[in-house]
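Computed from heavy atoms alone, side chains included, the values below leave out hydrogens, waters and symmetry copies.
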Amino acid sequence: MTGKVAQRLKREETIIEKLSSREARLDFSRMRDIGGCRVILGSEHGISDLYRLRDWIVSTWGPDVQVIDYIEQPRVSGYRAIHIAPQFDGLVYEVQLRTAIMHQWAQATERYSSLTGFNY
C-alpha cells in the first residue's frame with residue numbers, strides 16, 4: 001500500500017470545546033485524541049484497503065485496542081475515517097485511517113468549522 005503518515009495534534013480551541021460542552025463529563029487525562037498520527041492512503045486505494053490496514057494494526061497491538069468506525073457510522077458532517085486507539089505506557093494515542101478523498105473532505109470540514117466557530 002502507498003500513502004502518507006503524518007502527526008496529528010488536536011487544535012486548542014477544539015480541546016476546550018470538547019471538554020466544556022461536547023463531552024463535558026470527559027476528563028482531560030482521559031482524552032485519547034489529543035495527539036497521534038494519521039495515515040492517508042494513496043488515491044489508488046479504497047475502503048477495503050483501510051479495513052485491511054485496520055485489521056493489521058489491531059492484530060499487531062492486540063484486542064484491547066479501541067476502534068471507532070466513522071465509515072459505517074459517519075458523523076453529521078459526512079466525515080468518514082477509522083480511528084484506532086492503542087495504549088502505550090498508560091497513555092492512549094489515536095491513529096486515524098483515511099483514503100485521500102476522505103482526507104480532502106475532513107480538511108474542508110475543518111476549514112469550514114474554523115470559519116463558523118462550530119465543530120462539525
**OP:** Give a yes or no answer on whether the side chain of Arg98 reaches the backbone of Gln96 with a donor-acceptor pair at less than 3.5 Å.
**Re:** no

Original post:
Can you list the residues that meet the ring pair (Phe, Tyr, Trp, His ring centres under 6.0 Å) rule with Trp56, with sequence neighbours excluded?
Top reply: none

Original post:
Are Val58 and Val5 grouped together when hydrophobic residues (ILVMFWY) are joined by side-chain heavy atoms under 4.5 angstrom apart?
Top reply: yes

Subject >> Pairwise side-chain contact, Thr99 with Ile40, heavy-atom cut-off 4.5 Å (strictly under) >> reply: no

Original post:
Between atom CD1 of Ile57 and atom CD1 of Ile84, what is the distance when rounded to the nearest 0.5 Å?
Top reply: 4.0 Å

Original post:
Mind checking whether His103 and Arg38 have side chains closer than 4.5 Å, heavy atoms only?
Top reply: yes

Side-chain atoms of residues 45-55: list all donor-acceptor pairs with protein atoms under 3.5 Å, sequence neighbours left out, distances to 0.1 Å.
unit_1, atom_1, unit_2, atom_2, d
His45, ND1, Asp49, OD2, 3.1
His45, NE2, Thr2, N, 2.9
His45, NE2, Thr2, OG1, 3.4
Asp49, OD1, Arg52, NH1, 3.4
Asp49, OD1, Arg52, NH2, 2.4
Asp49, OD2, Gly46, N, 3.1
Tyr51, OH, Asp69, OD1, 3.3
Tyr51, OH, Asp69, OD2, 2.7

Subject >> Interatomic distance, His83 atom NE2 to Tyr70 atom OH [nearest 0.5 angstrom] >> reply: 6.0 Å

**OP:** Check whether Val39 and Met102 end up in the same hydrophobic cluster, where Ile, Leu, Val, Met, Phe, Trp and Tyr are linked by side-chain heavy atoms less than 4.5 Å apart.
**Re:** yes

Original post:
By side-chain hydrogen bond (donor to acceptor under 3.5 Å, both in side chains), which residues pair with Gln104, not counting sequence neighbours?
Top reply: none

**OP:** Could you tell me whether a side-chain N or O of Trp105 sits under 3.5 Å from a main-chain N or O of Ser77, the two making a donor and an acceptor?
**Re:** yes

**OP:** Could you grab the distance from atom CZ of Arg80 to atom CG of Leu97, nearest 0.5 Å is fine?
**Re:** 16.0 Å

